[in-house]
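The first residue of the sequence shown is numbered 1, and numbering continues consecutively from there. Just so you know, ligand 1 is whichever comes first in the structure, and atom 1 is the first atom listed for that ligand.
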Amino acid sequence: MIISITMNPSIDISYPLETLHLDTVNRVTNVTKTAGGKGLNVARVLHQSGADILASGLVGGHFGAFIQEKLSKEGICHHFFMIEGETRNCIAILHQGKQTEILEQGPSITNDEAKEFLSHFDQMIEQASMLTFSGSLPAGLPDDYYKDMIDLCHKKHKSVVLDCSGRALQNALKGQIKPLLIKPNREELAALLGRNVENTITDLKEALMSPLFDGIEWVVVSLGADGVFAKHYDTFYQVKIPPIEVVNPVGSGDAMIAGLAQALDYKQSDEKVLKHGNVLGMLNVQEKVTGQVNMQNYRVLFDQIQIKKV
Ligand code: ADP
């Protein structure tokens, strides 16, 4: 079973408006409210691609209950840790082809909750064959919290696929025990290295040879429509994907994480790991709803992906 962790989930509210009027009332009819957060997208995609999946992380209050209800309705197993604070709302106002977002910071986690979650997590790990950690850490948790979680997984011989950015990622990489895979996009890679990274084989290769990545088995740099550049131990791969119609690219990185984790969990070859990750990313791009994939289109995309050792 794969356990997908979301430490800072949200209720994603979408308000489609003809026009956004400032300093007055805007009435909206076509509201959608979904259980959001990167790890929940990972869980949804894994569920659709047939994986045995458990969603976990931190939720609180009525909105936390709403998230659990939504997942149950979708048939996704979950085992969250309840916190005192209220799970956040993230609002996207869609108007005139633009998207104005209002993102709540979310609850602040107390020291006791931080400790208690680690023991909740420690007990859960037993059931997992693979874990994914996605997204930001909520306020109150130390920047190296993912490192502590990775250490617990290591003690039980479980691998972690880590998808986060900024200080949470920097600190997770400082630990002696490394995640099995990280998937920065080019901007996240540049932020990590403190320098611009060109989309060329030479520069990507040089970037991934940084000592920062020593000990991490897989570093997968996702490049949107340009596919992926990846390093597995000392082998570098350039993965080219076919052009597709873009319906909604939000969450494609999460769908890719789902694919990479699933293929690694099944101990697939490098080629299959990279293809499966890209196909699920692309299938998400082709759907209106974030974290949705239509597996009927799988084969045709899979067969068009080209992988080259470079
Ligand atoms: P993130 O959302 O983390 O920034 P990317 O935008 O790089 O991640 O997307 C992850 C993967 O999803 C890509 O490597 C690719 O397989 C697929 N993908 C994303 N955007 C596109 C696109 N415009 N066309 C085709 N595939 C895409």
Asker: Scan residues 46-61 for pairs that pass salt bridge (charged side-chain N to carboxylate O under 4.0 Å, His left out), counting only residues two or more places apart or in two chains.
Answerer: none
Asker: Under the 4.5 Å side-chain heavy-atom rule for ILVMFWY, direct or indirect, which residues accompany Leu103?
Answerer: none
Asker: Taking the six-membered ring for Trp, are Tyr146 and Phe133 parallel (under 30°), tilted (30 to 60°) or perpendicular (over 60°)?
Answerer: parallel
Asker: Pair Ser10, Asp12 - check side chain to side chain donor-acceptor pair (under 3.5 Å), show working.
Answerer: CA-CA 6 Å; Ser10 56; Asp12 290 347; 2.8 Å; yes
Asker: Going by side-chain hydrogen bond (donor to acceptor under 3.5 Å, both in side chains), name the pairs with one or both residues in residues 240-263, residues two or more places apart or in two chains.
Answerer: Lys38-Asp254, Asn41-Asp254, Ser49-Gln262, Asn248-Thr290, Gln262-His276
Asker: So, applying side-chain hydrogen bond (donor to acceptor under 3.5 Å, both in side chains) with Glu198, which one of Thr200, Asn196, Thr202 is it?
Answerer: Asn196
Asker: For ligand 1, find each of its N or O atoms that sits under 3.5 Å from a protein N or O atom, and tabulate the pairs with distances to one decimal place.
Answerer:
from     : atom 1 : to     : atom 2 : distance (Å)
ligand 1 : 2 (O)  : Gly253 : N      : 3.2
ligand 1 : 3 (O)  : Lys183 : NZ     : 3.0
ligand 1 : 4 (O)  : Asn185 : ND2    : 2.9
ligand 1 : 7 (O)  : Ser222 : OG     : 2.8
ligand 1 : 7 (O)  : Gly224 : N      : 2.9
ligand 1 : 8 (O)  : Ser222 : OG     : 3.3
ligand 1 : 9 (O)  : Ser252 : OG     : 3.3
ligand 1 : 14 (O) : Gly227 : O      : 3.0
ligand 1 : 16 (O) : Asn278 : OD1    : 2.9

